[in-house]
Amino acid sequence: MATLTLEHVAVLLRAFRLELSLAVSETTALVGPSGAGKSTVLNAVAGLLEPDAGQIRCNDEIWFDAESGVFVPPERRRVGLVFQDYALFPHLTVRQNIEYARRHPADEYLDRFQIAHLEHARPGTLSGGERQRVALARALARDPEILLLDEPLAALDSHTKIEVRAELQQLLAGLEIPTLLVTHDFEDAAALADEVGVIVEGRLRQTGTPADLVARPADAFVASFTGANLLHGERRVTGVGTTGVRLDDGTLVSTTDDGAGAIVLAVYPWDITISTTRPNDSAMNVIAGTVSAITELGNRARVTIGPLSAEITVESLRRLDLRLGQQAYASFKATGTRIVATKGGTE
Amino acid sequence: MKHAIGVGLFVGVAAVTLAFLALPIVGIYVHTSPEKLLDQLSNPVVKDAFVVTLKTSLLAQAAILLFGTPTAYLLATRRFPGHSVAVTLVELPLVLPPAVAGVGLLAALGRFGLLGSSLSALGITLPFTQTAVTVAVAYVASPLYIRQAIASFEATDPHLTAASRTLCAGPVRTFFRVVLPLARGGLIAGLALSFARGLGEFGATIMFAGSLQKVTQTLPLAIYAEFDQNFDATLAMSGVLILISALLLLTLRIGLSWQRSPSSTSPSFFGLSG
């Protein structure tokens, strides 16, 4: 498999300077808030933008090198770029779009992406999912050594998104080339990529497997971005092997992590249990409050109680018959909490 | 009740406006009998003026298309120092009184003008030739095409050109296979406008090229020349110009409707959209 390498690539953007090094050999996702410079990275790799410094290589082939002044134009880089809005040519049919690069006849791709019946249709008449398949087919028919996906799921409504994400997951797993994708949604990144890099204001904060990032977020931003609840408080007492933290609202919670002074505690939504009566079990931490939000995401639901968002199955949601404004208890184990540094936090 | 009076007022004003705009057109066609008008079409003055107009207009529009299109694309897609000066320069002939344009062309390209001696050294004399008519028409009509072309190129989604580049197409192939087909409707509309403006060109032409039958006398110039001698000929030529203008206006509307819906099936004009 090919490897894409970015070394100290720097681009001066309006609000900050993007600077990062990255090696991509499987499916890698860059996640971050909008305006973090994610798409800029893709444009730099594709050759649509010339960085101010650094080097970009695909295997041993240098695509960009600031020092020696090498800049390979986009049409000579073997890159397949799928745009956020898919950027299909509106005046060409699906077949003509796929054959635009004149590398391969469209037939193989029409079959593989199950769009043969749309061969003569124009992009304007296609649904979001169909457009994405055409865009992917077009990018792959170009014979790329690396695939770039810009917010592959952002243009879809939440209903089709889950379906298309599963489709994309399957496709990426079967691809023989490294893929770099950017998204603002950690869940999408975790679903699609082997490795995830969190990028904020042009800098990589942390890279690792999705599980890594959730289990050991490097800072408060990564923690909140990966979906963790952040509880602010101060260290108060120490129990048997646990640290007591008094939260800003007065609740006392325990954590197995150790810390001092002002503390930010990360708790992941899927580590929180919800009950309608005060629980009496091994969970050391119970926060009582009213249900202020219920969001269903497919077969799961995020339920907000006081300062905490918990993720439970829709089945449990129905069984507990949770309603907005109702009193409920969120409990989580001391071992399910993580102290994350307050410094550098941008929540 | 008040409401009805208000609506009636608007309808009345609109009716007066439309009548005012239509009257001169109607006047030309009903002033003499159609037979007389058709007779005048074989009048040598009319025939010559028609040929001169058609020849110079087509040449001028070809030049505008050839030079204006790349210029417009550059101005639409690149920002550089002096960009707004360049755009102003492109638009200037639009607001310049045509007579001033004619004087300017004489002062620049005339025998004693800025480039006059260099031109005569090459054996070229421009003023009062048919080429001078073409030059005057191109100068005066070009902004109408170039402005519309800039707007059409600016409306082309930059993601599409970027996509084309990542799909092995260099800038030139991208221009011909993506930019031009998508801007096509707007370009046709602009050309129609520019053509219409060029057909009516009077001031700059008479200053720079004169009004010599068979050589530089275009339809508008012939209309003026025949005005007090053969009014029927004047009417005939006016009738012809009205027909052509109406045809151009129709082209413009069709062009603009294509521009608005680039995804619709439309015939390939330059043979580039296939």
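Labels below follow one simple rule: chain letters A, B, ... track the order of the sequence lines, proteins then strands, and each chain is numbered from 1.
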If you count heavy atoms of other groups shown closer than 6.0 angstrom to [atom1] of [X], is the number above 12?
| X | atom1 | value |
| --- | --- | --- |
| B:Phe10 | CZ | no |
| B:Tyr29 | OH | yes |
| B:Arg79 | CZ | yes |
| A:Asp60 | CG | no |
| A:Glu19 | CD | yes |
| A:Glu119 | CD | yes |

Quick one: what part of A:Arg103 sits under 4.5 Å from any heavy atom of chain B, side chain, backbone, both or neither?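 It is the side chain, since no backbone atom gets that close.
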
Is A:Leu148 in contact with chain B via its backbone, its side chain, both, or neither, using a 4.5 Å heavy-atom distance?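 For A:Leu148, no heavy atom lies under 4.5 Å from chain B.
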
Proximity of residues 166-174 of chain B to chain A, residues having a non-hydrogen atom under 4.5 angstrom: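 Only B:Thr166, B:Leu167, B:Cys168, B:Ala169, B:Gly170, B:Pro171, B:Arg173, B:Thr174 of residues 166-174 of chain B have a heavy atom under 4.5 Å from chain A.
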
Side-chain heavy-atom pair A:Phe89, B:Arg177 within 4.5 angstrom cut-off: no

Which of the residues A:Arg78, A:Gln84, A:Arg77, A:Arg102 is involved in the greatest number of heavy-atom pairs with chain B at under 4.5 angstrom?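 The option with the most such pairs is A:Arg102.
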
Test side chain to side chain contact (heavy atoms under 4.5 Å, CB included) applied to A:Leu92 and B:Val178, step by step: CA-CA 9 Å; A:Leu92 302 181; B:Val178 175; over 6 Å; no

Pairs satisfying ring-ring contact (aromatic ring centres under 6.0 Å, His included), at least one member in residues 55-84 of chain A, at least two apart: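 Matches after skipping sequence neighbours: A:Phe83-B:His159.
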
